[in-house]
Amino acid sequence: MNTGTDLDFFNLLSESYFRFTKKSLVPEERDASIAARWLYEDAPFCLLAHNTDADPRFIYANRTAQACFEYDWNEFVELRSRFSAETPDREERQRLLDAAKRDGYITEYRGLRVAKSGKRFWVDHVTLWQLIDENGSLHGQAALVPYWHDV
């Protein structure tokens with residue numbers, strides 16, 4: 001399944017984000033299918049999600065994230081999320097994930113990341129949240145990256 005424009009996955013992303021932040025992922029009220037497509041194809045921010053595996057794998061990356069990290073959809077959904085950071089930065093990344101798990105979400109994170117080519121870049125003002133559905137089941141974590149720039 002391509003979760004990129006899947007309505008159930010869009011609802012999980014957007015509803016869990018709103019539950020924690022009281023903000024919308026989409027700029028205005030839209031039909032859910034239009035909003036899901038906008039979020040995947042046109043959103044001006046990176047949006048990524050990984051699953052609940054012990055070594056989580058990405059399950060979502062919008063087109064902006066694909067361009068930023070230099071992986072296409074098929075490469076992204078095969079990638080372990082720890083590989084979005086270089087080895088020295090993975091401990092800090094794990095602390096971020098643990099804090100979001102403990103608190104439900106975190107905001108204003110800044111960290112170093114790495115693209116497929118090895119290019120390093122900063123991510124700024126990141127919000128990371130738990131992907132929890134309306135029944136309370138955990139499906140992973142998602143991150144919204146509004147700003148990034150090369151090192």
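Worth saying up front: this structure is predicted, and the values here are computed from it rather than measured.
- Thr107 has its side chain out of reach of Thr21: every pair of non-hydrogen atoms, C-beta onward, lies at least 4.5 Å apart.
- In this structure, a donor-acceptor pair under 3.5 Å is present between the side chains of Tyr40 and Gln66.
- For Asp42, the side-chain contact (heavy atoms from CB on, under 4.5 Å) test picks out Trp38, with sequence neighbours left out.
- Counting only heavy atoms from C-beta outward, the side chains of His50 and Leu97 approach each other to under 4.5 Å.
- Not counting sequence neighbours, Asn11 has no partner by the side chain to side chain donor-acceptor pair (under 3.5 Å) test.
- Between the side chains of Asn51 and His139, no donor-acceptor pair is found at a separation under 3.5 Å.
- Cluster annotation: Phe76 and Val123 are assigned to the same hydrophobic cluster (Ile/Leu/Val/Met/Phe/Trp/Tyr, side-chain heavy-atom contacts under 4.5 Å, transitive).
- A donor-acceptor pair is defined here as one N or O able to donate and one able to accept, closer than 3.5 Å; such a pair exists between the side chain of Arg90 and the backbone of Arg82.
- For the residue pair Ser16/Trp129, the side-chain donor-acceptor check at 3.5 Å is satisfied.
- Of the listed residues (Thr127, Val126, Leu128), just one forms a side chain to side chain contact (heavy atoms under 4.5 Å, CB included) with Tyr109, and that residue is Val126.
- Applying the side-chain contact (heavy atoms from CB on, under 4.5 Å) test to Arg95 and every residue at least two apart in sequence or in another chain returns Glu91, Glu92.
- Within 6.0 Å of the NZ atom in Lys119, the count of heavy atoms belonging to other residues, nucleotides or ligands exceeds 12.
- By the side-chain contact (heavy atoms from CB on, under 4.5 Å) test, Val77 is found to be paired with Arg57, Trp73, residues two or more places apart in sequence or in another chain being considered.
- When the shell of 6.0 Å around NZ of Lys23 is examined, it contains 12 or fewer heavy atoms from other residues, nucleotides or ligands.
- By the side-chain contact (heavy atoms from CB on, under 4.5 Å) test, Asn74 is found to be paired with Asp72, residues two or more places apart in sequence or in another chain being considered.
- With sequence neighbours excluded, the residues forming a side chain to side chain donor-acceptor pair (under 3.5 Å) with Arg110 are Asp124, listed by chain and number.
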Before giving the answer on side chain to side chain donor-acceptor pair (under 3.5 Å), spell out for Asp31 and Ser33 the whole-Å C-alpha distance, their side-chain angles and the decisive distance to 0.1 Å. CA-CA 6 Å; Asp31 171 78; Ser33 62; 2.4 Å; yes
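- Under the 30°/60° scheme for interplanar angles, the aromatic rings of Phe20 and Tyr105 are found to be tilted.
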